[in-house]
Structure formats: structure tokens, C-alpha cells
Amino acid sequence: MTSAYLCPLKRKGNAMKNIIKELRRKDHKRYLGGLDFFRYIGPGLLVTVGFIDPGNWASNFAAGSGFGYGLLWVVTLSTVMLIILQHNVAHLGIVTGLCLSEAATKYAPRWVSRPVLATAVLASVSTSLAEILGGAIALQMLFGVPVVWGAALTTAFVVLMLFTNSYKRIERAIIAFVSVIGLSFIYELFLVDIDWPAAARGWVTPSLPDGSLIVVMSVLGAVVMPHNLFLHSEVVQSHEYNKRDDASVRRLLKYELFDTLFSMIVGWAINSAMILLAAATFFKGGVEVEELSQAKSLLEPLLGNGAAVVFALALLMAGLSSTVTSGMAAGSIFAGIFGESYNSRDVHSRLGVLLSLGLALLLICFIGDPFKGLIVSQMALSVQLPFTVFLQVGLTSSRRVMGRYANSRWSAFVLYAIAATVTALNVALLFS
């Protein structure tokens, strides 16, 4: 008897739940709620770590100490290019459910995909070298640990983190690291006197002072990085982005664009802060920074011991977090060659991680000048970048790969123009 009375109530309750669900679904489609937006923040910040890494620190401090506010425009240009490229490659991951390496293996001719992916693996070694070096230099600043031992400790920590943690835990750790870096530079900027009118001009006025080309290329390579393109197309799927119905794909592309814009602007601000700090302290005093450890020792008498320690701590966070994402990118590239997605428990993913980090650690043992090693590693990335970009744009412009979501003619033109610009800058660097 009781059951008979309860059944209508249950049916009414279920009907009410369905109505509420439908209202929420319609409301969700109508606008982007604040909480919904923050649910999708994460993949972009993992990519952001790649262009606030120690290689960027070396390039940015070289730019700021050598040329003042004059090269801030390179960060602006690079960030605009980066937003376009990263959104485009995330587009690939959302629509196809494949990372860039997998898509190249599946759709590109073997004679195209194999050489590009092989050079991308080598570029990931160059990336890992810069990231590990940054962590090692930070440990030397903070605790006096020799660079080689610091590099070994950084590598061991990252391998342990990648092989024993879920993606979600790594994402949360990276967000925390980025927050520490950002807050550190906010603190540093409050201690110096910035010439804001000169900085504003520097952000939007292109100039090439004598002897600046190699630094410009280094800053460019440090912001627009090949491994980040592979990484973004992989991690963008961590939030189950690769839906198959058109409405879900369009909605998720919108969320991803906000994530990318937010994250890249954070990266632009932090990179700019590095140049501002170097310009307001070292360039103003006529001192050109040739080592990151030198930057800390010079900051100490200018801004106090606290500022120097904060600088070193932020560098450590940058080194650790960027080495994590570099290892993930290498695992994604290597696994993609075998038609597999990144998985920290998969043998090919693990081999890619160990290959990149292991070779980088080996090279560090033979580097005499860590700062020059950072600068050269960024140049190596900018040399490989056009190959990755041309491959990416070719895939995202193909209707066979992307269907109705293939690049429009205008989008393809802009993307190819970016690739051509990067190539021209590389040729100029080689002739110089």
C-alpha cells in the first residue's frame, strides 16, 4: 500500500528533476557562467608555463638589461602569434580527439610526418635542457647546490611527479606554481621605479637596436615553442573536450578560447614583468646580465635580500613546472608517432619523457656556460618551430581531418603568414 502511494510521488520527483536539468542545460547554452568558465581553466595554464620558463627568463633579462624597454614589443607580438597558434591546435584536439603528433601520424604522408616529429623530439630535448637548467640554477641560488647536482635533483623530482600523479593533480600543482611566479613578480615590481610611458611605447613600437637580433629571436623562440603546440592539443582533451555533436564542439571551442586568452595574457604579463624589472634595475644602471645567478646577486644590493630570495624561489617554481610540461610534451610527441595518446603508464609515453629529460641532463654535464646554454636552446626552438607550424596549419586546414571545422581561407592565410614570418626571422638570424 505504501509503495503504491510512493510511486506517483517518485514519478513527480523524477519529472521535476528532469525539468530542472533541462532548464540548467538551456541556461548553460545561453551564456557562459563564471563557475562554468573556471571549470575549463587549466589546459591553457599548462601551456603558459612553457613560455614563462627559465629560457624565457634568460631571454627576457638579456632583452631588458641590454635594451631597456625597447624589446617589449617582441613579447606582445609573440603572445598574439601564440594565441592564434594555440587556439588553432586546441581546435584540432577538440574536433578530432587527437593530439598534433597523432594527427600527423594518421593523416600526413610518412615522409612529412616522420622528419617533423623527429625534429620535434629533438626540440623537446632542447626545451628540457633549458627547463632543467633553470631549476638547477635556482637551487644553486637558494642552497648553493652545484648545477649538475641541481639538474639531477630537478630531473628526478619531475620524473617522480609525472609517473606517480594523475593529470588533475599535476594541473593543480602547475596552477599553484604559476600563481607563485606571478605574485613574486608583482612584489618585485612594487620595489622598482618603472618608466611606464616608455614601457607603453615599447609594447607597441617595433624596433631593432644594434646587436638585438639574436635576443629578439631568442625571445620569440622562448614564447612560441614547438612543444607547446603538441602539448596543448593533448591536454585540451583532459576535460573531455572531444565531443562529437556540433553543439558541444561549438560550446567547448568557446570555452577553450577563453581559457587560452586568459592564460596567454597571464604569460604576457609575467614575461613583460621580467623585462620591466631588468630595464628598471640593470639597464638603468648600465649593467648587462649574462647569468641568471648574476641577476639575483645584483638584485640583492638594489632591492634587498628578500627580493633576491623571492626571485630565486620564482625561478625554482618556473624550472620545476616547465620541466613537468616539457616532459609531458615529449611523451605526447613520442607516443603519437606510434598512434597513441599520452598516458603516464604507457611505455611509449614514458620512453618519450625519459628520452627528453635524460638526454637534456646528459648535455647539461658538458655545458660550460649555463646562461649561454639557455639562450642557444631558445634559438634551437625557433629554428624547428616553422616545421611544426606548417604541419599544424596543413592539418587544421584539411577537410579530411577537420570536416566542417577546417580553417577558413582567411584563417589559413593568417596562420601561414605567421609561419612565414617565423621562417624569415630564422633566415635573418642565420645570415647575421
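Pairs of residues two or more places apart, or lying in two chains, never qualify as ring-ring contact (aromatic ring centres under 6.0 Å, His included) while including a residue from residues 101-160.
Side-chain atoms of Glu234 come within 3.5 Å of backbone atoms of Tyr342 as a donor-acceptor pair (strictly under, hydrogens ignored). A distance-only check finds a donor-acceptor pair linking the side chain of Ser408 to the backbone of Ser411 [under 3.5 Å]. Side chain of Ser332 to backbone of Met328: no donor-acceptor contact under 3.5 angstrom is found. Panel note: side chain Asn88, backbone Ile84; no donor-acceptor pair is recorded below 3.5 Å. With hydrogens and angles ignored, the 3.5 Å screen pairs no side-chain donor or acceptor of Ser398 with any backbone N or O of Gly394. In this structure, Glu188 contributes its side chain and Phe311 its backbone to a donor-acceptor pair below 3.5 Å.
Here the CG-CG distance, from Leu395 to Leu98, works out to 10.0 Å after rounding to the nearest 0.5 Å. The structure places CG of Leu357 at 11.0 Å from CG of Leu129, a figure rounded to the nearest 0.5 Å. Separating the CG atom in Leu117 from the CG atom in Leu391 is a distance of 6.5 Å, to the nearest 0.5 Å. From Leu162, atom CG reaches atom CZ of Arg350 across 10.0 Å, with rounding to the nearest 0.5 Å. Remark: Ser101 OG to Phe338 CZ distance equals 10.0 Å, nearest 0.5 Å. With rounding to the nearest 0.5 Å, the separation of CD1 in Ile333 from NE2 in His227 is 8.5 Å.
Looking at Gln392 and Thr388, their side chains never bring a donor and an acceptor atom within 3.5 Å of each other. A donor-acceptor contact closer than 3.5 angstrom is absent between the side chains of Asn343 and Ser349. Side-chain contact annotation: Ser322 with Asp53, donor-acceptor N/O pair under 3.5 Å absent.
Classified by interplanar angle (parallel below 30°, tilted 30° to 60°, perpendicular above 60°), the ring pair Phe185/Phe61 is tilted. Taking the six-membered ring for Trp and thresholds of 30 and 60 degrees, Phe334 and His348 have ring planes inclined between 30 and 60 degrees apart.
Taking all atoms of both residues into account, the shortest heavy-atom contact from Phe163 to Ser344 is CD2-O, 4.2 Å. The shortest heavy-atom contact between Ala120 and Phe230 is CB-CE1, 3.6 Å. The two residues Phe177 and Met317 make their nearest non-hydrogen contact at CD2-SD, 3.3 Å. When all heavy atoms are compared, the tightest approach of Ile337 to Val121 is CD1-CG2, 4.4 Å. For Thr105 against Gly339, the heavy-atom pair with the smallest separation is CG2-N, 4.4 Å. The two atoms that bring Leu361 and Ile132 nearest to each other are N-CD1, 4.4 Å, heavy atoms only.
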Stepwise side-chain contact (heavy atoms from CB on, under 4.5 Å) test for Leu363 and Val125: CA-CA 9 Å; Leu363 288 171; Val125 175; 4.1 Å; yes
Asn228 and Leu231: CA distance, side-chain angles, deciding distance, side-chain contact (heavy atoms from CB on, under 4.5 Å) verdict: CA-CA 5 Å; Asn228 264 347; Leu231 179 66; 4.0 Å; yes
side-chain contact (heavy atoms from CB on, under 4.5 Å) evaluation trace for Leu229 with Leu385: CA-CA 10 Å; Leu229 298 173; Leu385 180 64; 4.1 Å; yes
Stepwise side-chain contact (heavy atoms from CB on, under 4.5 Å) check, Met402 with Leu92: CA-CA 7 Å; Met402 302 291 290; Leu92 173 73; 3.7 Å; yes
Candidate pair Ser65 and Glu288, rule side-chain hydrogen bond (donor to acceptor under 3.5 Å, both in side chains), full reasoning: CA-CA 5 Å; Ser65 66; Glu288 191 167 347; 5.5 Å; no
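With a 4.5 Å cut-off on side-chain heavy atoms, Thr396 and Val401 do not count as touching. Within the 4.5 Å cutoff, side-chain heavy atoms of Glu131 are placed close to those of Pro54. Counting heavy atoms from C-beta outward, Leu415 and Val389 have side chains that stay 4.5 Å or more apart. For the pair Val158 and Thr155, the minimum side-chain heavy-atom distance is 4.5 Å or more. Leu71 has its side chain within reach of Ser212: a pair of non-hydrogen atoms, C-beta onward, lies under 4.5 Å apart. With contacts defined as side-chain heavy-atom distances shorter than 4.5 Å, the pair Thr79/Val75 qualifies. Under the 4.5 Å side-chain criterion, counting only non-hydrogen atoms from C-beta, Pro43 is in contact with Glu171. Put simply, the side chain of Leu277 does not reach to within 4.5 Å of the side chain of Phe282, judged on heavy atoms.
Just one residue in the list Ser124, Ser128, Ser126 forms a side chain to side chain donor-acceptor pair (under 3.5 Å) with Ser326, and that residue is Ser128. Of the residues His232, His91, Glu256, the one that meets the side chain to side chain donor-acceptor pair (under 3.5 Å) test with Gln86 is His232. The one candidate from Ile52, Thr48, Val49, Leu315 that meets the side-chain contact (heavy atoms from CB on, under 4.5 Å) condition with Ile181 is Ile52.
Environment of CZ in Arg169: sparse, with no more than 12 heavy atoms of neighbouring residues, nucleotides or ligands closer than 6.0 Å.
Qualifying side-chain contact (heavy atoms from CB on, under 4.5 Å) partners for Leu142, counting only residues two or more places apart in sequence or in other chains: Val309, Ala312, Leu316.
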With a cut-off of 3.5 Å and sequence neighbours excluded, list every side-chain donor-acceptor pair involving residues 261-276.
unit_1: Ser263; atom_1: OG; unit_2: Leu45; atom_2: N; d: 3.2
unit_1: Ser263; atom_1: OG; unit_2: Asp259; atom_2: O; d: 2.8
unit_1: Ser263; atom_1: OG; unit_2: Asp259; atom_2: OD1; d: 3.4
unit_1: Trp268; atom_1: NE1; unit_2: Thr76; atom_2: OG1; d: 3.4
unit_1: Asn271; atom_1: OD1; unit_2: Asn56; atom_2: ND2; d: 3.2
unit_1: Asn271; atom_1: OD1; unit_2: Asn60; atom_2: ND2; d: 2.7
unit_1: Asn271; atom_1: ND2; unit_2: Phe51; atom_2: O; d: 2.7
unit_1: Asn271; atom_1: ND2; unit_2: Gly267; atom_2: O; d: 3.1
unit_1: Ser272; atom_1: OG; unit_2: Trp203; atom_2: NE1; d: 3.0
unit_1: Ser272; atom_1: OG; unit_2: Trp268; atom_2: O; d: 2.8

